[in-house]
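Start at 1 and go down the list; that is how both ligands and their atoms are numbered. Each residue takes its place number in the sequence, starting with 1.
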Amino acid sequence: MAEDTDEVRTVILTVDDDPAVSRAVARDLRRHYGEDYRVVRAESGASALEALRVLKLRGASVAVILADYRMPQMNGIEFLEAALDLFPAARRVLLTAYADTNAAIDAINVVDLDHYLLKPWEPPEEKLYPVVDDLLETWRADDGHAVDVTKVVGHRWSARSSQIREFLARNQVPYRWYSSEEPEGGRLLVAAGQDGLRLPLVVTPDGTALVEPAERDLAAHVGLSTTPAADFYDLVIVGGGPAGLAAAVYGASEGLRTVLVEREATGGQAGQSSRIENYLGFPDGVSGAQLTDRARRQATRFGAELLTACRVTGLEVKGAARTLRFSDGSAVSAHTVILATGVSYRQLDVPGAAGLTGRGVYYGSALTEAAACQGQEVYIVGGANSAGQAAMFLSRSARKVTLLVRAPELASSMSYYLLQRVEDASTITVLTDTVVEAAHGKEHLDGLTLRNSVTGRSETVDAQWMYVFIGAAPLTDWLDDAVLRNPRGFVLTGPDLTTDGRPPADWPLDRAPYHLETNVPGVFAAGDVRAESAKRVASAVGEGAMAVMLAHRYLEQS
Ligand SMILES: Cc1cc2nc3c(=O)[nH]c(=O)nc-3n(C[C@H](O)[C@H](O)[C@H](O)COP(=O)(O)OP(=O)(O)OC[C@H]3O[C@@H](n4cnc5c(N)ncnc54)[C@H](O)[C@@H]3O)c2cc1C
């Protein structure tokens, strides 16, 4: 093993049996990460494992492991599998030749590979560093190894604690979670002068203690922008899902003064997906969190302003200005607006469910709560892809996952590839023709009444965890009659506004509304919130980009 001398820093480890290659990879890594990380290199799987054992005993953290695939005695996949036992949180990269791509794809399943890099990795600025940067970022966000991260002290069954964790996770704010019942949680409560009756307690890296903070307050304390820097913009985007983020990237990169306003956390529905497999350019899938993180960074790099925890509650049109009102009474105006507010989970309307939300009943927060379900039995309600993805994700840690599906079969609602995986997973059971009749529990969920709609028979089962994915609806009531919507609340645009080729009665211009334009010139809709949209990540991204192009066209003519 060859290594740097510094004892304490977090480690990036690389192993390759070709000494020249091993040295070259380590050299490139040191050049870029040497200041912040200790780069350790080895020339065989066995010596790399020995290095990892020593690091473990010394209490070091390992963030990223890069292993060559073709090594004698122990190949890269076998090595990474063994390394998992020592440092399960380390991000894993396989270095392969083009001919071994299939082996790398297999490794995704065997060792939950995060990435494979085709050799040669030159130039590293393009092929190596962006990958390792991403992995380091997600490693930091997931595991909170750094001591100076935000700390959350809460209770497993506190709905507010669950919401705050979800908020931080979805905004990619690294945090460490402590139960109020564990010694360190108790110590933090004492230090903050709290008796633990009001939870969660959030301690920010600079030592500020916040008790049951509101999202907006918390956002401001952890470095997220919550108020616009200017009064007037070329473009305001409402909603930070894929459509809104794409619009922010294109708007800002094409020179528009752009601000994006998001009520919770950027990423939208896609940000809650454990693995998006059908998005172009990601043959091995990409997690919603990764996609969001990249999009955020891309938008910010081009100069877009991203506001979080900032809910838009009204749209007013005065002459050429379009003004958006926020829930705190403040406002921002712009020449153009893109509505990209997507859809939100439909709530399960059965007795008992509402009161147990966040206390065993969850809507789309499978990723944040997954660790707590380790070794337990989990129920998932729904038969579409989102439910299937959650089932696959949770089946990695839960003892048993039961999918409750109202329809007689899954094939009509779930993509074929996902259906196959769900059916092949030994820990997943699918109950079709089954509906939830009631949720039971006082402090937290402890049972469910399930009814078989064919036999009419009901039974009550023990249940502590239920995740609900039963479709979604647009939350567009705040738009009132500012723009035209269909009876289900989806925003009408372009051709859907015209009757026999004629624009709506109040349309003020000679031209017809552009394809994604609402009945208010200069106000566009993109993504899931738009009537007749495709409800896919790729189409939302495409519409976000296209809406910016149409905004330009509108600006040129006005
Ligand atoms: C669990 C899950 C898995 C999925 N998997 C896939 C997949 O594998 N492949 C695929 O193609 N599609 C998938 N989808 C669908 C895909 O995520 C959506 O089609 C896509 O996210 C739509 O993007 P959007 O930007 O239009 O809206 P959304 O993603 O819904 O984002 C809208 C954003 O607007 C914000 N917002 C709403 N109202 C306001 C307001 N008043 N003020 C400020 N902000 C507001 C919301 O908080 C939200 O962040 C999945 C969906 C889910 C839920």
Within this structure, what is the CZ-CG distance for the pair Arg297 and Asp133, rounded to the nearest 0.5 Å?
7.0 Å
Per side chain to side chain donor-acceptor pair (under 3.5 Å), Asn385 is matched among Ser415, Ser273, Ser413 by Ser415
Looking only at the side chains, is there a donor atom on one of Tyr233 and Glu305 sitting less than 3.5 Å from an acceptor on the other?
yes
Test side chain to side chain donor-acceptor pair (under 3.5 Å) applied to Gln298 and Arg301, step by step:
CA-CA 5 Å; Gln298 204 171 4; Arg301 192 161 59 86; over 6 Å; no
Using the rule given for side chain to side chain donor-acceptor pair (under 3.5 Å), can you reason through Arg263 versus Ser344, listing the C-alpha separation, both sets of side-chain angles and the distance that settles it, and then say yes or no?
CA-CA 12 Å; Arg263 69 179 168 161; Ser344 298; 3.1 Å; yes
Atom pairs, nitrogen or oxygen, ligand 1 to protein, under 3.5 angstrom:
from     : atom 1 : to     : atom 2 : distance (Å)
ligand 1 : 5 (N)  : Gln389 : NE2    : 3.2
ligand 1 : 8 (O)  : Gln389 : NE2    : 2.8
ligand 1 : 9 (N)  : Asn278 : OD1    : 2.8
ligand 1 : 11 (O) : Asn278 : OD1    : 3.4
ligand 1 : 11 (O) : Val537 : N      : 2.9
ligand 1 : 17 (O) : Ala270 : N      : 3.3
ligand 1 : 19 (O) : Asp528 : OD1    : 3.1
ligand 1 : 19 (O) : Asp528 : OD2    : 3.0
ligand 1 : 19 (O) : Arg536 : N      : 3.2
ligand 1 : 21 (O) : Ala270 : N      : 3.4
ligand 1 : 25 (O) : Pro242 : N      : 3.2
ligand 1 : 25 (O) : Ala243 : N      : 2.9
ligand 1 : 26 (O) : Asp528 : N      : 2.8
ligand 1 : 29 (O) : Gln269 : N      : 2.9
ligand 1 : 30 (O) : Gln269 : NE2    : 2.8
ligand 1 : 30 (O) : Val343 : N      : 3.3
ligand 1 : 41 (N) : Val312 : O      : 3.1
ligand 1 : 42 (N) : Val312 : N      : 3.1
ligand 1 : 44 (N) : Arg263 : N      : 3.0
ligand 1 : 47 (O) : Glu262 : OE2    : 2.6
ligand 1 : 47 (O) : Arg263 : NE     : 2.9
ligand 1 : 49 (O) : Glu262 : OE1    : 2.7
ligand 1 : 49 (O) : Glu262 : OE2    : 3.1

Run through Arg296, Gln172, Arg170 and flag the one making a side chain to side chain donor-acceptor pair (under 3.5 Å) with Thr266.
Arg296
